[in-house]
Amino acid sequence: MRTISLHNGDSMPAMGLGTWQSHTNLDSILQQALQTGYRHLDCAAIYLNEKEIGTYLHEQMRQQHITRQSMWITSKLWNSFHDPKHVRQACVQTLTDLQLDYLDLYLMHWPVAQIASLGLAIATEGKQLLSLNDIPLAATYLAMQSLVKEGLVRHIGVANFGQQHLKQLQNDSGLVPSVNQIECHPFLTQDSLHHYCREQQIAVTAYSPLGAGARPDFMQDPTHPQLLEQPNVTRLAEALNATPAQVLLAWSMQQGRCVIPKSSNPQRIRENFAAQELILDTQQLQQLNQLNQNLRYVDGGFFVMQNSPYHLPQLWD
Ligand code: A2P
């Protein structure tokens, strides 16, 4: 099984199962995933399924004799709980829902803060959003660091952070995140951000590595091309006797990134895991890199509205 090294020398399985938009059949999804060999699960409080995951995960770990130590479980702090006084409670709620004593990795989900009373929801009005002057990223992150000291979390990191946010966080907190989880695939290669993360020894997890086909309607744009159907991807898959999804996953992993494809289909869960065996040569990797068009399927546009302190250029530098 491929692994990714973190800056403290620990390693994280490079192939994880994404759970965003997984709401049905979680028992059979987890059964299949664990049987296949997945030992990394990517969760988040805002996915609103951590309770179900907690129930079925433990049932399956027991049935399949899988120890907690052999699993890597990530979750994420939702935007409504950035105020340092809410961070611990949010983490404890996730631990309770997932029925865990500790998380392997806890990420700040977005460099975006919302009012606490919104709870596990996305702001729909500008007044529900707080600026990063109101709650600086470093204040939230230092509260997350206390969770490490307390043993509730082994590593902390961030998600959806561009270079400016990373630099600001590092300057203000004096800490380097273990991981930055970002959207990444051949339509959004993020070369300069990867370069910065490599330099700073921040491991990268690529979310939506297959092009986020399951994203909710409010994130859909009919003009967006389908990554899994892109002719260079499908041609390469045919030439390698692999599937387009495997080509996309191998492309990410071979460049040192972790991937967390989501699937609720047993065959595709196995297919994705097997991408760890696929090797692309330098020319094939390069061919896929050339598909970059800075296309974000998840662009954070849902945080931009009247009276919002957030706008897209600032979100993505
Ligand atoms: P399904 O759950 O029916 O398998 P991403 O991880 O980039 O967000 O993509 C998730 C989407 O890709 C889901 O719609 C998922 O559908 C689909 N998917 C997952 N694995 C594969 C695969 N191997 N081939 C084609 N589609 C896949």
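One-based numbering, in listed order, for ligands and for the atoms of each. Just so it is clear, the structure is predicted and the values come from calculations on it, not from any experiment.
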Q: Would you mind checking which non-hydrogen protein atom is closest to atom 6 (O) of ligand 1, with the distance to 0.1 Å?
A: K262 N, 3.0 Å

(Q) Under a 4.0 angstrom heavy-atom cut-off, which atoms of ligand 1 come close to S208? (A) 5 (P), 7 (O), 8 (O)

Q) When only distance counts, is L210 in polar contact with ligand 1, meaning an N/O pair under 3.5 Å? A) yes

(Q) Quick check on contacts: which atoms of ligand 1 are under 4.0 angstrom from a heavy atom of L228? (A) 25 (C), 26 (N)

Q) Relative to each other, are the rings of H86 and F81 parallel, tilted or perpendicular (30° and 60° limits)? A) perpendicular

Q) Under a 4.0 Å heavy-atom limit, does A245 contact ligand 1 with its side chain, its backbone, both, or neither? A) side chain

Q: Report yes if some N/O of I260 lies less than 3.5 Å from some N/O of ligand 1; otherwise report no.
A: no

Q: Give the intermediate values and the outcome of side-chain hydrogen bond (donor to acceptor under 3.5 Å, both in side chains) for residues T223 and D221.
A: CA-CA 5 Å; T223 64; D221 178 339; 2.6 Å; yes

(Q) Membership question, hydrophobic clusters at under 4.5 Å side-chain separation (ILVMFWY): are W110 and L132 in the same one? (A) yes

Q. Parallel, tilted or perpendicular: which describes the rings of H185 and Y297, with under 30° parallel and over 60° perpendicular?
A. tilted

Q) Short N/O distance, under 3.5 Å, between E271 and ligand 1? A) yes

Q: Could you tell me whether R68 and D101 have a side-chain N and a carboxylate O separated by less than 4.0 Å?
A: no

Q) Does the cation-pi check pass for K76 over Y47, that is, NZ or CZ under 6.0 Å from the six-membered ring centre and within 45° of its axis? A) no

Q.
Let me confirm one number: the CD1-CZ distance from I156 to R154, rounded to the nearest 0.5 Å.
A. 13.5 Å

Q.
Using a 4.0 Å cut-off to any heavy atom of P261, which atoms of ligand 1 qualify?
A. 6 (O)

Q: Give a yes or no on whether the backbone of D281 and the side-chain of Q284 come within a donor-acceptor separation of less than 3.5 Å.
A: yes

**Q.** Salt bridge D42-K262, side-chain N to carboxylate O under 4.0 Å
**A.** no

Q. Looking at atom 8 (O) of ligand 1, what's its closest protein heavy atom, distance included?
A. A212 CA, 3.2 Å

Q: Indicate if Y106 and W72 have the same hydrophobic cluster label, given that clusters are the connected sets of ILVMFWY residues with side-chain heavy-atom separations under 4.5 angstrom.
A: no

Q.
With a heavy-atom distance limit of 4.0 Å, tell me whether P244 approaches ligand 1 through its side chain, its backbone, both, or neither.
A. neither

Q) Which protein non-hydrogen atom lies closest to atom 20 (N) of ligand 1, naming both residue and atom, and how far is it? A) N272 ND2, 3.0 Å

Q: Going by heavy-atom distance to atom 25 (C) of ligand 1, choose the closest among E183, Q246, Q267, R268.
A: R268

**Q.** Close approach of G211 to ligand 1, heavy atoms, under 4.0 angstrom
**A.** yes

Q. Hey, is T243 one of the residues with a heavy atom under 4.0 angstrom from ligand 1?
A. no

Q. Nearest protein heavy atom to atom 13 (C) of ligand 1, by residue and atom, and its distance?
A. A214 CB, 3.8 Å

